[in-house]
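Computed over heavy atoms, backbone and side chain alike; hydrogens, waters and symmetry mates excluded.
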Amino acid sequence: RFALTVGELTSLAMPVAERAHFLLESVKALSEEHAPLAISWPMLERFDEPLAFMEAETGPLQLVNVRLFVLVSPDAVRTFVMDTLGLSALGMLDLQLHFRGLEPERMATYLYSLADELLAEGPAEGLHSACPIDDGSEVLGATGVPWMSRYEMSIMEPRRGVVDLTPEASFSAR
């Protein structure tokens, strides 16, 4: 029994989609050769079943995980924090949403879709090059109205920079 670690050292200057492609193709080739029992993505806090991974369409979104946390206040009010892991590993900012009254499944689909758009666009140029979304700008939200975006530190571990998306007041948990 053994473990094999795959990483990248020289591809930081490449476009995000190209980096993701090379990493995913490397993992697929090694999986074909060594038939692992599982594929562990520590930076995504996820395991993949090798056969499903091998059959999946290769794309940068395979390197993104959406997580859900349920927060319960002392007065038993439930709110949710949902975030992505993976964009930060590719040199971008992850996404974060702190909400109430919205369906978590719908919000997960929204975050995956937004992450896919960001990966296709790649990091912006300039001072804040880690994200195509500008700090303080509006982003079309899952409810069809604009949501405010802000750069901040993540609520949940691991601590990292995120784009925090704030839905309209009736759904915001801020």
### Message
Hydrophobic clusters here meaning ILVMFWY residues chained together by side-chain heavy-atom distances under 4.5 Å, can you tell me if Leu140 and Leu95 are in one?
### Response
no
### Message
Using the rule that Ile, Leu, Val, Met, Phe, Trp and Tyr join whenever any side-chain heavy atoms are under 4.5 Å apart, tell me whether Leu61 and Leu165 fall into a single cluster.
### Response
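In one cluster: yes.
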Is the closest side-chain donor-acceptor distance between [X] and [Y] under 3.5 Å?
| X | Y | result |
| --- | --- | --- |
| Trp41 | Asn65 | no |
| Ser149 | Ser137 | yes |
| Glu168 | Thr143 | yes |

Minimum side-chain heavy-atom gap [X]-[Y] below 4.5 Å:
| X | Y | answer |
| --- | --- | --- |
| Thr109 | Tyr112 | no |
| Leu68 | Phe80 | yes |
| Glu45 | Pro158 | yes |
| Ile39 | Ser31 | yes |
| Ile155 | Val162 | no |
| Phe69 | Met82 | no |
| Leu87 | Val16 | no |

### Query
Run the side chain to side chain contact (heavy atoms under 4.5 Å, CB included) check on Met92 and Leu119 step by step: do they pass?
CA-CA 9 Å; Met92 300 177 71; Leu119 286 165; 4.1 Å; yes
Evaluate whether atom [atom1] of [X] has more than 12 neighbouring non-hydrogen atoms of other residues, nucleotides or ligands under 6.0 angstrom away.
| X | atom1 | answer |
| --- | --- | --- |
| Glu138 | CD | yes |
| Leu37 | CG | no |
| Phe47 | CZ | no |
| Met14 | CE | yes |

### Message
Is there a side chain to side chain contact (heavy atoms under 4.5 Å, CB included) between Arg160 and Leu85? Walk through the geometry before answering.
### Response
CA-CA 10 Å; Arg160 66 210 182 284; Leu85 278 179; 3.4 Å; yes
### Task
Report the C-alpha separation of Glu57 and Lys28 in whole Å, then their side-chain angles, then the decisive distance to 0.1 Å, and conclude whether the salt bridge (Lys or Arg N to Asp or Glu O under 4.0 Å) test is met.
CA-CA 11 Å; Glu57 182 180 327; Lys28 281 188 177 188; over 6 Å; no
### Task
Please step through side chain to side chain contact (heavy atoms under 4.5 Å, CB included) for the pair Met54 and Glu32, ending with a clear verdict.
CA-CA 8 Å; Met54 303 276 288; Glu32 286 176 4; 2.7 Å; yes
Has the side chain of [X] got a donor or acceptor atom that lies under 3.5 Å from a matching backbone atom of [Y]?
| X | Y | value |
| --- | --- | --- |
| Asp135 | Tyr151 | yes |
| Glu49 | Ala52 | yes |
| Arg46 | Val64 | yes |
| Ser26 | Leu30 | no |

### Query
What residue among Gln96, Arg67, His98 forms side-chain hydrogen bond (donor to acceptor under 3.5 Å, both in side chains) with Asp83?
Arg67
### Message
As a test of understanding, state which of Leu118, Asp94, Ile133 forms a side chain to side chain contact (heavy atoms under 4.5 Å, CB included) with Val163.
### Response
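The side chain to side chain contact (heavy atoms under 4.5 Å, CB included) with Val163 is passed solely by Ile133 among Leu118, Asp94, Ile133.
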### Message
Show, in sequence, the C-alpha distance, side-chain angles and deciding distance for Phe171 and Trp147, and conclude whether the ring-ring contact (aromatic ring centres under 6.0 Å, His included) test is met.
### Response
CA-CA 11 Å; Phe171 299 119; Trp147 290 358; 8.2 Å; no
### Message
Evaluate Val27 against Leu24 for side chain to side chain contact (heavy atoms under 4.5 Å, CB included), listing each step before the verdict.
### Response
CA-CA 5 Å; Val27 172; Leu24 291 166; 5.8 Å; no
